[in-house]
Participant: 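One structure coming up, written as structure tokens, with questions to follow.
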Amino acid sequence: MKRTPKINTIRNIGIIAHIDAGKTTVSERVLYYTGKSHKIGEVHDGEAVMDWMPDEQERGITITSAVTTCQWNKTDIQLIDTPGHVDFTIEVERSLRVLDGAVGVFCAVGGVEPQSETVWRQADKYRVPKIAFVNKMDRIGADFTNVVEEIKSRLGAQPLVLQIPIGAEDRFEGVIDLVRMQRIVWDDDSLGASFEATDIAPDADETVIRHREGLLETLAEVDDGIMEAYLADEPIDAATIQAAVRRATIALKLVPVLCGSALKNKGIQPLLNAVVDYLPSPLDVPPISGVHPETGEAVECPSKDGAPLAALIFKVALMEGRKMSFARVYSGKLTAGGEVYNPSRQEKERVSRILVMHANKRERIEVAAAGGIVGIVGLKSSSTGETLCHPETPVLLEEIEFYQPVISVAIEPKTHSDQEKLEQVLSKFLDEDPTLKVKIDEDTGQTILSGMGELHLEVITHRMQREFNTHVNVGKPQVVYRETIETPSEGEALFDKEVAGQKHFGRVRLRLIPQSRGAGNSFLNEVSSEQLPAASAAAVEAGIMESLESGTLMGYPVVDVQAVLVDGEYRESLSNELAFKVSASMAVKEALQGGQPYLLDPIMRVEVFVPETFMGDVIGDLNARGGKVESIDHRLGIQAITASVPLAQMFGYSTALRSATQGRGTFSMHFSHFDRS
């Protein structure tokens, strides 16, 4: 049976970065050097352990966050490799929600790239301590100093340089450790498993001395002990520096910066040392707190095995067709075969099995202790963001914030057998991915699938086919318009026919008057009850409202008109409700045609968040789409542009915005009203 690690020897960390910065390559080296895997899997070969999904292997990108556990220096590292593509940003969000620390990977050439900013802000939101690893120092154009400056200027972080590279590009050999004052060079023949660390003399290279002084000065600004020793010009040993760096990192005052080249197997072991030395255990971060689901009182959940159970489900995945719930145990113990309570649903659930995950492989355990990140089999109704606790000590932890989808496609099954499976398959994907939405459009009958981007929806439709053998056609959803009229218009109709051997008579004259946007449809009767009985007037109103459900232009509903009944003729024994409904309907059609009908577009309220540099291009693009900019607000280094834009012009906007802003722009939109574009 797998041993339960002591809570102070646990490091729950995530690897976060922009797409193609090398996160998964770093993860693969971590697994290899910690002995978790015996072969280095390469992303470009489609053999990375952490990219286990077929879509990930084919595309060479991470789509879903993968969990694994490994050991280094008697410390259990529970690691989550997260996606870098903006379409899968929810995977980063829900992972950071349950992690105690993070390693931000930056490309030495690209620096702080757009998605790096996004994931860094996500980590800041959850107050997650971070280490920065400047990767790809062997690439042409690698510039370590520039990346450090960008971390400071673009992320608003205070970098603490713990290593400087020895050479760069094809001359990159290793690193200088400024804490221990050592020169570390890796052996290429051993795939980087062995390296040589030699001490550096106190009067070493001027660059090394300057960076060592910079390290101590930066540390002295946030640590009184270092400040006193530094001002007194006393020698400061490595252990003292490490302790100070750990305190400053956990307090979110500094971000230690290391460097290397994961692909060339250089720099990973010192990174692992830094994870152990500087990132917090569950005991080093403030205990999470929730609320009592009935009283609303605050409940603290200390990181102790003996405390009441509090666990948060941060992800639900379909693995080999079965529902797997990933949970972080914050306090207490989770026991296989035991019963847990879900306060969100007010339901009890049974934990069938508890699994320690290694990507898509697993190891069964009987008990998950505080600080553990595990997979749970057996939960039927519990979903992402929900709490598991003991029925006698209920607690509700803060739920995970989900993003609203920004792009939609229409899907339809290709065959009758696909039709039968589609609803069930979509239900499984909705359980797994909270940013995915499905709705049936009542006006068109289309099934509309909404997600975070075109790649997101493309992966979902591929998985439908690959995993569930369900084939669908994908197309743009139809835009549902409304119709109205420009000018007042009258219509008159006479219904005088024999139907099923019975004579029917009814004559109606009415006027349609355009109303202001959003006023809706209304009916006004100007005919006296002597001329037209109340029952006949009600039939006229019903016929008018029924007829307005389908306009004369393209058959869309007619809105914002007032129908006024100005005249009618009633004949005793011949007139009935059917006659007046039909005549009213005919009169409406005539009046609509004479009222200069036109289409109303669905207008979306769009909020676009962009760095100020790109604001002009974004506003120009919105104007070209027929949009009207309503306000521009400055928020935390970005501009928030609010605009009204016709829905028909918003297809493909997600891709266009990323292109116009180098991927740094984001947007959200929702329906506002119908209006003329």
Participant: Search all heavy atoms of Glu590 against all heavy atoms of Glu492 and return the closest pair with its distance.
Facilitator: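 Result for this residue pair: OE1-O, 3.0 Å.
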Participant: State plainly whether the residues Arg345 and Glu386 are in salt-bridge range, i.e. N to O under 4.0 Å.
Facilitator: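 Counted as a salt bridge, because a side-chain N and a carboxylate O are separated by less than 4.0 Å.
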Participant: Indicate yes or no for a side-chain donor-acceptor contact from Ser536 to the backbone of Leu532 under 3.5 Å, with no hydrogens or angles considered.
Facilitator: no
Participant: Counting only heavy atoms not in Glu398, do more than 12 sit closer than 6.0 Å to its CD atom?
Facilitator: no
Participant: Using 0.5 Å steps for rounding, measure from the OG atom of Ser381 to the NZ atom of Lys348.
Facilitator: 13.5 Å
Participant: Please report the interatomic distance CG(Leu565) to CG(Leu524), rounded to the nearest 0.5 Å.
Facilitator: 8.5 Å
Participant: Could you walk me through whether Glu549 and Met545 pass side-chain contact (heavy atoms from CB on, under 4.5 Å), step by step?
Facilitator: CA-CA 7 Å; Glu549 290 178 6; Met545 293 305 170; 6.0 Å; no
Participant: So does Glu630 pair up with Arg605, basic N to acidic O under 4.0 Å?
Facilitator: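 Yes, Glu630 and Arg605 are salt-bridged.
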Participant: Less than 3.5 Å apart, any donor N or O on the side chain of Thr470 or Asp418 sitting next to an acceptor on the other?
Facilitator: no
Participant: How close do Cys389 and Pro394 get, heavy atom to heavy atom, and via which atoms?
Facilitator: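 Between these two residues, the closest heavy atoms are SG-CA, 3.6 Å.
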Participant: Is a donor on one side and an acceptor on the other found under 3.5 Å between the side chain of Glu349 and the backbone of Ser382?
Facilitator: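 Pair found, side chain donor or acceptor close to backbone of Ser382.
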Participant: Does any part of the side chain of Asn521, heavy atoms only, come nearer than 4.5 Å to the side chain of Ile544, both counted from C-beta?
Facilitator: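 No, too far: nothing below the 4.5 Å cut-off.
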Participant: Would you mind checking if Glu498 and Lys503 are paired as a salt bridge, meaning a charged N to carboxylate O distance below 4.0 Å?
Facilitator: no
Participant: Can you find a side-chain donor-acceptor pair between Gln593 and Thr552 that sits under 3.5 Å?
Facilitator: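 Distance-only check fails for Gln593 and Thr552.
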Participant: Would you check if the side chain of Arg517 reaches a backbone N or O of Arg676 as a donor-acceptor pair within less than 3.5 Å?
Facilitator: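 No: the side chain of Arg517 does not pair with the backbone of Arg676.
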Participant: Ignoring hydrogens and geometry beyond distance, is a side-chain donor-acceptor pair present between Asn469 and His471 at under 3.5 Å?
Facilitator: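 Per modelled atom types, Asn469 and His471 side chains form a pair under 3.5 Å.
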Participant: Please report the shortest heavy-atom distance between Pro646 and Ile603, naming the atom on each side.
Facilitator: CA-CD1, 3.9 Å
Participant: Assess the residue pair Glu569 and Arg509 against the criterion (salt bridge (Lys or Arg N to Asp or Glu O under 4.0 Å)); give the C-alpha distance rounded to whole Å, side-chain angles, the decisive distance to 0.1 Å, and a yes or no.
Facilitator: CA-CA 9 Å; Glu569 185 179 347; Arg509 184 158 64 88; over 6 Å; no
Participant: Quick check for you: to the nearest 0.5 Å, what is the distance between Met324 atom CE and Leu379 atom CG?
Facilitator: 10.5 Å
Participant: If I compare all heavy atoms of Ala310 with all of Val395, which pair ends up nearest, and what's the gap?
Facilitator: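 Heavy-atom minimum between the residues: CB-CG1, 4.0 Å.
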Participant: Could you tell me whether Lys581 and Glu577 make a salt bridge, using a distance below 4.0 angstrom between a side-chain N and a carboxylate O?
Facilitator: no
Participant: Is it the case that the side chain of Glu541 and the backbone of Phe523 share a donor-acceptor pair, with hydrogens and angles ignored and the cut-off at 3.5 Å?
Facilitator: no
Participant: Quick one: does NZ or CZ of Arg571 land under 6.0 Å from the six-membered ring centre of Phe505, within 45 degrees of the ring axis?
Facilitator: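 Verdict for Phe505: a cation-pi partner in Arg571.
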Participant: Should the pair Asp567-Arg507 be classified as a salt bridge under the 4.0 Å nitrogen-to-oxygen rule?
Facilitator: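 Counted as a salt bridge, because a side-chain N and a carboxylate O are separated by less than 4.0 Å.
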Participant: With the side chain counted from C-beta on, respond yes when Val606 and Met650 share a heavy-atom pair under 4.5 Å apart, and no when they do not.
Facilitator: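 Of all side-chain heavy-atom pairs linking Met650 with Val606, at least one is under 4.5 Å.
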Participant: Do you know which two heavy atoms are closest between Thr484 and Asp560, and how far apart they sit?
Facilitator: OG1-O, 3.7 Å
Participant: Show, in sequence, the C-alpha distance, side-chain angles and deciding distance for Tyr556 and Glu483, and conclude whether the side-chain contact (heavy atoms from CB on, under 4.5 Å) test is met.
Facilitator: CA-CA 6 Å; Tyr556 292 110; Glu483 297 183 19; 4.0 Å; yes
Participant: Could you check whether any side-chain N or O of Ser427 sits under 3.5 Å from a backbone N or O of Glu423, counting only pairs where one atom can act as donor and the other as acceptor?
Facilitator: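 Here the side-chain-to-backbone pair does not exist.
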Participant: Carefully, step by step, assess Ile448 and Val409 under the rule side-chain contact (heavy atoms from CB on, under 4.5 Å).
Facilitator: CA-CA 6 Å; Ile448 307 298; Val409 293; over 6 Å; no
Participant: Can you tell if the side chain of Leu426 reaches within under 4.5 Å of the side chain of Thr447, non-hydrogen atoms only?
Facilitator: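 Of all side-chain heavy-atom pairs linking Thr447 with Leu426, at least one is under 4.5 Å.
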Participant: Taking all atoms of both residues into account, what is the closest heavy-atom pair of Ala591 and Leu510, and its distance?
Facilitator: CB-CD1, 4.2 Å
Participant: Under 4.5 Å between any side-chain heavy atoms of His504 and Lys497, yes or no?
Facilitator: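 With C-beta onward as the side chain, the pair stays apart.
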Participant: Let me confirm one number: the CG-CG distance from Leu548 to Leu512, rounded to the nearest 0.5 Å.
Facilitator: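 Here the rounded value is 6.5 Å.
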Participant: Taking the side chain as every heavy atom from C-beta outward, state whether Val351 and Val340 have any pair of such atoms under 4.5 Å apart.
Facilitator: yes
Participant: Look up atom CZ in Phe674 and atom CG in Leu599, then write down how far apart they are to the nearest 0.5 Å.
Facilitator: 11.0 Å
Participant: Nearest 0.5 Å, please: how far is CG in Asp601 from NE2 in His673?
Facilitator: 10.0 Å
Participant: Taking the side chain as every heavy atom from C-beta outward, state whether Leu622 and Val608 have any pair of such atoms under 4.5 Å apart.
Facilitator: yes
Participant: Set out, in order, the CA-CA distance, both residues' side-chain angles and the distance that settles side-chain contact (heavy atoms from CB on, under 4.5 Å) for Ser547 and Lys589, then state yes or no.
Facilitator: CA-CA 8 Å; Ser547 186; Lys589 296 301 182 190; 3.4 Å; yes
Participant: Less than 4.5 Å apart, side chain to side chain, heavy atoms only: is that true for Val629 and Asn623?
Facilitator: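 SC-SC contact between Val629 and Asn623 confirmed.
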Participant: Would you say Ile411 and Leu422 make side-chain contact, with heavy atoms under 4.5 Å?
Facilitator: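 Result yes, sub-4.5 Å side-chain heavy-atom pair found.
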Participant: Does any N or O in the side chain of Asn342 come within less than 3.5 Å of the main-chain N or O of Leu388, such that one atom is a donor and the other an acceptor?
Facilitator: no
Participant: Determine the interplanar angle of the Phe468 and Phe429 rings, folded into 0 to 90°, and report it as parallel if under 30°, tilted if 30 to 60°, perpendicular if over 60°.
Facilitator: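 Because their plane-to-plane angle is over 60°, the rings of Phe468 and Phe429 count as perpendicular.
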